[in-house]
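In what follows, a single structure is set out as structure tokens and then discussed.
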Amino acid sequence: MIKQERMVVTNQQEIAHHIFELTVQGELTGEMKAPGQFVHVRVADSFEPLLRRPISVASIDFESNQFTMIYRAEGRGTTLLSEKKAGDTVDILGPLGNGFPVEQAKQKAYLIGGGIGVPPLYELAKELNAKGIETVHILGFESKGAVFYEDKFRALGDTHIATVDGSHGTQGFVTHILNELPKDFDTYYSCGPTPMLEAVQWAYPEKQGFLSYEQRMGCGIGACFACVCRTTKSETDYIKVCSDGPVFPAGVVIS
Ligand code: FES
């Protein structure tokens, strides 16, 4: 069930250049159903900026009723959010959308992420590992200063890093790494910019895949049509990324 709650900040820190990790506590945590769902965060208590920002969930701890989000502070709204400290409260609406279907993986999964699309793959990797599924992580960033959670992913499985400028790991994009890796997996999950998702689908036309789309959003709950995409699979030819997604099986969204 979707809830709106003033959640308590328990930790906030900058984990890479302009990338913040924010942990909050509250009952909304118990409503989370799958990795890849997101929340809509009201970034400031003043009327301006009024809009909420969609932020993905990087990790969930049901025992302590806490979850962690990772976001890039790049505009006025998210910069204000980055100033919140432990003990402050944040107005959060969620959980929103449909997450990654963990049960679809059989033995081995590739998790492929780019930039701020990497965070939801961390909770996914934890849940797949807990089910005994081997995970391989292929993660792309702009540069060394933008890399985060490398050690955390390494603790869960084989991890490959690409940076656009070559300052860490393989120079280039995640697709450069995919070309070098065996295709000995049954399912892939991917989250990141649309061109990256397209390239991943092209790389594995014969595999089962699930893609999480990043889209501009307004309401986050299916009411405003800000996030519509064309699709191959619906009678109306349009789907809403916020409420029908953000995760779709490969081949469903026309970008
Ligand atoms: Fe409003 Fe999706 S953001 S319908």
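Excluded from the calculations below are hydrogen atoms, water molecules and symmetry mates; all remaining heavy atoms, backbone and side chain alike, are included. In listed order, ligands and their atoms are each counted from 1.
- Under a cutoff of 6.0 Å and an axis angle of 45°, K207 and F185 form a cation-pi pair.
- Pairs passing the salt bridge (charged side-chain N to carboxylate O under 4.0 Å, His left out) check and including a residue from residues 89-116, sequence neighbours excluded, read R52-D91, K108-E134, K108-D184.
- In this pair, H40 and F38 present their aromatic rings perpendicular. The plane angle is above 60°, beyond the 30 to 60° band.
- Within the model, atoms CZ of F210 and OG of S190 stand 12.5 Å from one another, a figure rounded to the nearest 0.5 Å.
- For E206, there are no salt bridge (charged side-chain N to carboxylate O under 4.0 Å, His left out) partners at least two apart in sequence or on another chain.
- Judged as a salt bridge (charged side-chain N to carboxylate O under 4.0 Å, His left out), and not counting sequence neighbours, E5 has no contacts.
- Excluding waters, the protein N/O/S atoms found under 2.8 Å from atom 1 (Fe) of ligand 1 are C219 SG, C224 SG.
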